Enquirer: 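Dropping a structure here in structure tokens format, bear with me for questions.
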Amino acid sequence: MNDFCIDVKNLNKHFGNQHVVKDFSLQIGKGEIHGFLGPNGSGKTTSIRMMCGLLTPDSGSGHCLGMNIFTQRDLIKRRIGYMTQHFSMWGNLTIRENLMFISRLYGLERPRAIVERTLSELGLLSRQHQLAKVLSGGWKQRMALAACLLHKPSLLFLDEPTAGVDPKARREFWQTLHHLSDDGISILVSTHYMDEAERCHKVAYLSYGNLLASGTIQSIIQAQNLTTMRISGRGLSALENRLQRRDGIEQTVIFGNNLFATGRDKQKLQAILAEVIPAGYDTCRVDTTLEDAFAWLMKNNNEKSFN
Ligand SMILES: Nc1ncnc2c1ncn2[C@@H]1O[C@H](COP(=O)(O)OP(=O)(O)OP(=O)(O)O)[C@@H](O)[C@H]1O
Ligand SMILES: [Mg+2]
């Protein structure tokens, strides 16, 4: 037994002749919030389902909370919480009724007391009698989180829990995740939002079924060895076009009046900017972001796949 709540090695999954997850390995420490990112269709949900024993991998090995993901699937299900990607609760029941129903499905003792406590802990008391189908995205997601906490799991799999939820509700949701983590609950959470990735202790990045990076945000950024320059001024898209054509510029992106250009070779990048950027623009080196690092990983991986 080791100290990882998830410890899987070389998991593979095919659907028909599509190889959806390729030699996927991941270790997650207890109490950690681990982000899971990657483009649509990259295999996040499939990997989550294999790690929690809902889907049998074609090959590989692994443990979830010390239990074998091939042979102890029923035991795993009782110890984890899984919030599915798409809302899967009953619209014609109220929040309280949904939670009561799920408590009974789990066969929990004293379901009423458990639901009462969970409603209170997740700040749901004021809406407890509203039908699920009329709730806003933020309240629905909070109810879904409550539902997967009823049986006191020590590990949560949250599959894009905040998709389409407004910034305030997302912020509150993440506060709750950090409280849970402080209480020792481990969390694997998939997301497309970079600000959420940055709230995690560690992140993993998947693309076309390949795990391209995993670790702390700092370690992932540093490992790519990129330099990013910021060019400030007006009329940036024409400049961007010119930069994009140059060998030595890996990627560019505009945010308002700032154009960011990233390259692998600092000297080369700065030489290109000195040549291309006219006077009157302010140019300076800035920190490479996680988004820059992921964009580079994706590009690099695509180029490798096509070569
Ligand atoms: N049950 C299934 N049968 C056949 N193909 C599937 C099945 N589930 C997933 N796939 C395919 O496997 C690939 C990976 O899908 P998956 O849902 O794991 O990706 P994802 O990273 O979760 O994407 P998203 O960000 O859109 O949720 C996709 O091409 C998808 O169409
Ligand atoms: Mg998915």
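What you see is a predicted model; the values in this text were computed from it and never measured. Indexing begins at 1, ligand by ligand and atom by atom, following the structure's order. If you read the sequence from its start, that first residue is 1, and numbering goes on from there.
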Enquirer: Can I get a per-line list of side-chain donor-acceptor pairs under 3.5 Å for residues 77-84, giving both atom names and the distance, sequence neighbours left out?
Expert:
| unit_1 | atom_1 | unit_2 | atom_2 | d |
| --- | --- | --- | --- | --- |
| Arg79 | NH2 | Ser154 | OG | 3.4 |
| Thr84 | OG1 | His86 | O | 2.9 |
| Thr84 | OG1 | Ser88 | OG | 3.0 |

Enquirer: Is atom 31 (O) of ligand 1 near the protein, in the sense that some protein heavy atom lies at less than 4.0 Å from it?
Expert: no
Enquirer: Around atom 15 (O) of ligand 1, find the nearest protein heavy atom and jot down its residue, atom name and distance.
Expert: Thr46 OG1, 3.9 Å
Enquirer: Supply the atom-to-atom distance Lys202 NZ to Leu26 CG, rounded to the nearest 0.5 angstrom.
Expert: 9.5 Å
Enquirer: Heavy-atom contact check, 4.0 Å cutoff: does Gly43 meet ligand 1?
Expert: yes
Enquirer: Against heavy atoms of Ser42, which atoms of ligand 1 measure under 4.0 Å?
Expert: 19 (O), 20 (P), 21 (O)
Enquirer: Could you tell me if Asn92 and Lys133 have a donor-acceptor pair between their side chains, going purely by distance under 3.5 Å?
Expert: yes
Enquirer: Among all protein heavy atoms in this structure, tell me which lies nearest to atom 23 (O) of ligand 1, with the distance rounded to 0.1 Å.
Expert: Gly41 N, 2.8 Å
Enquirer: Looking only at protein heavy atoms, which one is nearest to atom 17 (O) of ligand 1, and how far off is it?
Expert: Thr45 CB, 3.7 Å
Enquirer: Look at atom 3 (N) of ligand 1 and say which protein heavy atom is nearest, naming residue and atom and giving the distance to 0.1 Å.
Expert: Phe15 CD2, 3.6 Å
Enquirer: Please identify each residue that fulfils salt bridge (Lys or Arg N to Asp or Glu O under 4.0 Å) with Lys13, with sequence neighbours left out.
Expert: Asp58
Enquirer: Can you give the donor-acceptor pairs under 3.5 Å from side chains of residues 221-231 to other protein atoms, not counting sequence neighbours?
Expert:
| unit_1 | atom_1 | unit_2 | atom_2 | d |
| --- | --- | --- | --- | --- |
| Gln224 | NE2 | Ile220 | O | 2.9 |
| Thr228 | OG1 | Thr262 | OG1 | 3.1 |
| Thr228 | OG1 | Thr288 | OG1 | 2.9 |

Enquirer: Tell me, with the steps shown, if Lys9 and Asp23 meet salt bridge (charged side-chain N to carboxylate O under 4.0 Å, His left out).
Expert: CA-CA 7 Å; Lys9 206 156 189 256; Asp23 284 328; over 6 Å; no
Enquirer: Does ligand 1 have any atom that is closer than 4.0 Å to a heavy atom of Gln18?
Expert: yes
Enquirer: Provide the protein N, O or S atoms situated under 2.8 Å from the Mg ion (ligand 2); waters are not included.
Expert: Thr45 OG1, Gln85 OE1
Enquirer: For atom 13 (C) of ligand 1, which protein heavy atom lies nearest, and how many Å away is it?
Expert: Val20 CG1, 3.5 Å
